[in-house]
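Every chain is numbered from 1 and lettered A, B, ... according to where its sequence line falls, protein lines coming before strand lines.
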Amino acid sequence: MYFTTLSDALHMAGHGPYVWVSYAATLLVMFVLIWWPIKQRRQLIEQQQRIQRINASSQGNSSLKDQED
Amino acid sequence: MWTFFHKLGSPKWFYDISGKILLWLAPITALLLIVGAVWGLFYAPPDFKQGNSYRIIYIHVPVAVLSLSGYYLMAIAGAIHLIWRMKLADVAMRCAARMGAGLTFLALFTGAVWGKPTWGTYWVWDARITSELVLLFLYMGIIALYEAYDNKVAASRACAVLALVGTVNIPIIYKSVDWWYSLHQPATIKFTEKSTIDPSMFYPLLIMIIAFYCFYAVALMMHMRSEVLVSERKTRWVQEILEKQS
């Protein structure tokens with residue numbers, strides 16, 4: 001370990017803010033890059049469920065109709 | 001050889017194999033990133049000239065390297081799509097454009113933040129920085145161009161052509177620090193001669209470069225997998241996967 005105390009490590013002899021802002025921005029962009037496909041997949045699943053519900057309800061209606069006839 | 005090539009173009013084959021790869025590559029990537037970042041931030045000695053601000057190198061260099069090699073990947077995928085009309089190559093090209101835009105932005109941002117304590121300014125219109133900014137515009141241009149077309153087949157072809165033309169920028173970025181000597185320091189790691197960096201700083205940097213390459217592979221595969229699911233959503237195998245997960 002190069003730094004002796006935690007505040008030393010955070011301060012980094014005055015360069016702390018620059019270093020931490022860079023690392024925070026990197027973490028944020030990496031998070032967005034990972035989260036994007038997860039969100040896309042979730043939306044697709046929801047969309048498919050909606051389509052299935054619509055199909056199921058329209059099939060239900062048509063079978064009712066059949067019985068009426 | 002040709003059966004392998006056809007397999008490679010099959011979205012289902014890609015989806016299955018990438019799922020298996022991600023299972024072990026994702027944990028390795030996380031581990032490498034943590035080890036490299038902790039080593040670089042807390043254990044590596046400070047630079048004798050730049051002090052602690054140089055610790056930004058552990059992210060700046062990996063993301064900058066990837067912003068360039070990611071462009072090659074995107075352009076090659078574009079060429080494969082143009083020549084063989086391979087669907088998966090088109091997906092790879094579009095996903096690589098997103099990844100590239102994110103990483104190029106980071107390279108510019110971390111570079112600007114690093115520039116303030118080191119050069120005294122956030123921004124200079126230096127050859128390396130300007131050409132990297134052009135790279136960001138190329139990535140964003142490809143994303144925007146694809147969205148601008150209603151006909152996605154034509155959109156993919158136009159994007160592939162733009163990606164290939166933009167390749168001319170890559171060697172310019174790479175060589176800019178040697179051709180136009182300015183504020184940006186020359187490359188730290190050299191393949192042909194001795195690197196100008198002490199081993200105690202070099203090992204964490206090497207780990208971070210490997211870690212970011214792994215991260216790129218992981219994130220790109222995740223993007224491609226969800227894009228494949230979207231474009232193949234009407235097929236039976238995708239329907240089965242979606243039913244299992246819902």
Side-chain angles (χ1 to χ4, degrees), chain A, chain B residues 26 29 33 37-38 40-47 50-60 62-63 95 98-99 101-103 105-107 109-118 200 212 215-216 218-227 229-230 233 238-239 241-246:
Chain A
M1 187 76 130
Y2 171 72
F3 301 100
T4 43
T5 64
L6 183 70
S7 63
D8 256 11
L10 291 178
H11 189 244
M12 289 196 171
H15 286 152
Y18 300 110
V19 174
W20 294 116
V21 160
S22 304
Y23 277 77
T26 307
L27 218 68
L28 185 74
V29 170
M30 287 168 89
F31 176 77
V32 170
L33 285 176
I34 292 290
W35 170 76
W36 182 320
I38 294 172
K39 186 197 73 173
Q40 192 181 26
R41 176 191 286 250
R42 210 175 288 156
Q43 280 175 342
L44 181 66
I45 291 172
E46 276 168 21
Q47 195 189 337
Q48 287 298 311
Q49 281 171 338
R50 257 202 309 277
I51 292 170
Q52 272 171 0
R53 266 201 301 276
I54 292 165
N55 283 346
S57 66
S58 68
Q59 268 174 5
N61 286 341
S62 63
S63 63
L64 270 176
K65 236 184 191 171
D66 290 343
Q67 283 175 353
E68 280 169 12
D69 290 339
Chain B
T29 305
L33 280 170
V38 169
L41 277 172
F42 302 118
Y43 287 86
D47 187 68
Q50 302 185 4
N52 284 307
S53 68
Y54 99 95
R55 293 183 197 278
I56 296 172
I57 201 175
Y58 297 115
I59 43 181
H60 179 72
V63 294
C95 295
R98 278 185 228 155
M99 294 288 302
L103 291 169
F105 165 76
L106 267 184
F109 182 83
T110 56
V113 174
W114 191 4
K116 188 62 186 167
T118 315
S200 62
F212 269 92
F215 169 78
Y216 187 90
V218 167
L220 184 71
M221 273 195 274
M222 286 177 67
H223 278 256
M224 285 176 67
R225 279 162 67 83
S226 73
E227 280 291 328
L229 285 186
V230 170
R233 63 183 175 279
V238 173
Q239 289 290 335
I241 288 169
L242 292 178
E243 266 165 37
K244 240 183 259 169
Q245 290 191 344
S246 57

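For chain A, no part of B/A112 is nearby; none of its heavy atoms comes within less than 4.5 Å. For A/W35, no part lies near chain B; criterion is any non-hydrogen pair under 4.5 Å. The part of B/Q50 that comes within reach of chain A is its backbone (N, CA, C, O), which places non-hydrogen atoms under 4.5 angstrom from that chain. Using a 4.5 Å cut-off between heavy atoms, B/R98 contacts chain A through both its backbone and its side chain. Using a 4.5 Å cut-off between heavy atoms, B/Y216 does not touch chain A at all. In this structure, chain B has no heavy atom under 4.5 Å from any part of A/E46. Both the backbone and the side chain of B/F42 come within contact range of chain A, judged by heavy atoms closer than 4.5 Å. Within the 4.5 angstrom heavy-atom criterion, only side-chain atoms of B/L33, from C-beta onward, approach chain A. Contacts between B/L229 and chain A at a heavy-atom distance below 4.5 Å involve backbone atoms as well as side-chain atoms.
Classified by interplanar angle (parallel below 30°, tilted 30° to 60°, perpendicular above 60°), the ring pair B/W114/B/H60 is perpendicular.
Contact count against chain B (heavy-atom pairs under 4.5 Å) is highest for A/Q40 among A/Q40, A/Q43, A/R42. Contacts with chain B were tallied for A/I45, A/L33, A/V21; A/L33 has the most, counting heavy-atom pairs under 4.5 Å. Contact count against chain B (heavy-atom pairs under 4.5 Å) is highest for A/T26 among A/I34, A/I38, A/T26, A/V32.
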